[in-house]
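In the text below, chain A, chain B and the rest are named by the order of the sequence lines, each starting its count at 1. From a predicted model like this one, the values you see are computed outputs, not experimental measurements. Just so you know, these numbers use all the heavy atoms, side chains as well, and skip hydrogens, waters and symmetry mates.
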Amino acid sequence: MSTGNRVQAVPAQRKPLFDWKELAYKGLAPVAGMVVALLIGAVMLLFLDVNPFTAYGSMISGSFGSVSGLTQTLVKATPLLLVGLGICIAFRASVINIGGEGQIIVGALMGTWFPLTFRDWPGFLLIPATLIMGFAAGAVWGFIPGILKAKLKVNEILSTVMMNAIALQLMNLLLRSVLMDQAGIDAGTYLAQSERLPEQVWLARLVPQTLLHSGAIVAVVLAVLVYIFLWRTTVGYCIRAVGLNPDASRFAGINVPFYQALSLTLAGGFAGIAGTIEVIGVQHRLLEGITSGYGFSGIVAALFGGLHPLGTIPASVLFGALLVGGDKMQRAVQVPNSLIDAILGLVVLFVVGSALWQKRMLARRQAELARANEVKA
Amino acid sequence: MTEIISLPVIIGILTSATRLATPYLFASIGESIGQSSGVVNLGVDGIMLISAYAAFFVVLNTGSLGLGLLAAILVGLLMGLLMSFISVTLKAEQGISGIGLYMFGLGLSSLLFKTTIGTVKTVSGFPVVKIPLLGDIPVIGEIFFRHNMLVYAAFLLVPLAWWFMEKTTWGLKIKSVGQNPAAADSLGVNVNVVRYASVCIGSMLAGVAGASLSIALLNLFQDNLTAGMGFIAVALVYFGGWKPLGILGGAMLFSTVNAFQLWMQVLGVAIPSDIAVMLPYLLTIAALAVAVNRGRQPAALNKPFERGEN
């Protein structure tokens, strides 16, 4: 080791795999945001003459307090996670996909039409094929706004919102005509739902007497795959680079519009799988309201999870609990679960609003680490 | 088919189109002012919903249209302040915070509606006021001059907004902040205050748009009354090239298509209603695709401003 003048080069930072302080800062903001949103919700409850403790208590016991509640939470968490994974990819590319609802719908449509058309295929063939086709359908629904953004610079937020409305009308049209359950027509009820799907395409139930299905496992596996994709492959790297600095990426030779369109397509695919899984795993047929607002709450889950596929897993469970709890609360204290929608909106506001604070905290952390490395060297 | 395309039907469609354009004009022109200063507000739909509720609730309980309108404007202002705080002061990602605001407005209006009103009720909203001489002109009079006050106000907003943005110092400040905030800042313009003001003007106009739905055009309130109208209003800003006249064109085009499909359904023309309802949205996407060539986007749109950092 030389003595005397040391040229202070910027020390290479050896980051530990898990920087607990950094994770704390990243996790603190969303959690604090959630707490504040719930507090505001409590104020709203007080206005409505409802005891917030009773209301929130019924939410917690409803979503975690029983096997039924817990499995319902996980059932709701599955589509949230899937949509959230797509959002992670898209938002990381700085492409704001609000088309989740429409992409879920076309995934659900494909998940209905495909098994009904190929009803003679055996289960081990039909299930994966349906899932892949569902992904493809959603991907197409994401590709359209994607190519519009890449080629014509159309604002993807607006185009995806329009695609939602179009998909909804498409589903209404099909449900009332070609896809309508023949049994309903014969019986004269004309319910806006499809025929029951062939049994071999139904996803296996994980816990008997509940709705929890193997789609939950598929979702978690996909989450790990998306993590590997984003952080351990070149394509994923390009997607993240495009999101962090499109200009620098362009100068580095990355085709920015291509990766933006790709991320929207992938996001659509994941939302499509969510729709397919809801149809083949939970309902076993297509009916109105299949999306249950997951296209929006999936965004909240992804944001809450720090736009990280693995962080979205606990976030989805949390929001699944919130949604299930909201239904229970509605029954227990007669407060409409629109309150939950309002709270979700507030959570979004607080999470994005805290980004500045988070950036400052993380910058401070970087400086801390740099100083620590200096001292070591 | 030819019996359908007759003069009374055409007049009917255009009259409906004029009425239907009202909320779009208010919301879209308001949003264009906010966007001209560099802030995208996607929460317009949520603002419209909560303001529509506020106006409806006040009119239902007091019968005063003026108070209802005022309530809507006030609620719009509050939502605008929230949006400004999150987007300008906290420099949050504007697109996402707008969606958060939308979700909040949707949820809150639904919650308040279900708990304070419950069922779908109607009120006597703004009455039709026939303009004395102009309203008697054979075809044109019927189409344009026999509406309620808010419709007239919406159309008057077009030249007013044009004058405000093009001929006043405030308009210049707003546009400069949207094109080059650093330069404006160096000249002493308080970028953040200008952005706050323009976003709030936009949100107050969105409030009026909401009120126009619940106490002038439809005279009722129900869950998700707007059904995405606010997003279409934002799209119209792009289509209209951030100029009031362009927005007027876009709004009239959109509402004419809308009125057309509504009338076709009423007349029993054999277009499946689901396809007909899709038409306006398809049109909007097509319009957005075309809009790229119309007018330039404010250069600093969607970029938070920090002195020294650009």
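Only the side chain of A/Leu48 comes within less than 4.5 Å of a heavy atom in chain B; its backbone stays farther off. Heavy-atom distances place the side chain of A/Ile96, and not its backbone, under 4.5 Å from chain B. With a 4.5 angstrom heavy-atom cutoff, B/Thr89 touches chain A only via backbone atoms. With a 4.5 angstrom heavy-atom cutoff, A/Phe47 does not touch chain B via any of its atoms. Heavy-atom distances place no part of B/Phe113 under 4.5 Å from chain A, backbone and side chain included. Contacts between B/Leu101 and chain A at a heavy-atom distance below 4.5 Å involve backbone atoms as well as side-chain atoms. Using a 4.5 Å cut-off between heavy atoms, A/Ile166 touches chain B through backbone and side chain atoms alike. For A/Leu303, the part sitting under 4.5 Å from any heavy atom of chain B is the side chain, from C-beta outward, and nothing else. Neither the backbone nor the side chain of B/Leu279 comes within contact range of chain A; no heavy atoms are under 4.5 Å apart. Proximity to chain B (any heavy atom under 4.5 Å) is restricted, for A/Val335, to the side chain, taken from C-beta onward. Only the side chain of A/Met44 comes within contact range of chain B, judged by heavy atoms closer than 4.5 Å. Using a 4.5 Å cut-off between heavy atoms, A/Val300 touches chain B through its side chain atoms alone. For a residue to count as touching a neighbouring chain, one of its non-hydrogen atoms must lie under 4.5 Å from one of that chain's; by this rule A/Leu339 touches chain B with backbone and side chain alike.
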Just do the side-chain contact (heavy atoms from CB on, under 4.5 Å) check on B/Ile232 and A/Val161 with the steps written out, would you?
CA-CA 9 Å; B/Ile232 297 186; A/Val161 169; over 6 Å; no

Apply side-chain contact (heavy atoms from CB on, under 4.5 Å) to the pair A/Asp341 and B/Met103, showing each step before the final yes or no.
CA-CA 6 Å; A/Asp341 295 329; B/Met103 291 169 72; over 6 Å; no

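Taking each heavy atom of A/Val352 and B/Ala92 in turn, the nearest pair found is O-CB, 3.2 Å.
With contacts defined as side-chain heavy-atom distances shorter than 4.5 Å, the pair A/Leu168/B/Met278 does not qualify. Counting only heavy atoms from C-beta outward, the side chains of A/Val154 and B/Tyr238 never approach each other to under 4.5 Å. The side-chain heavy atoms of A/Pro336 and B/Thr115, taken from C-beta on, include a pair separated by under 4.5 Å.
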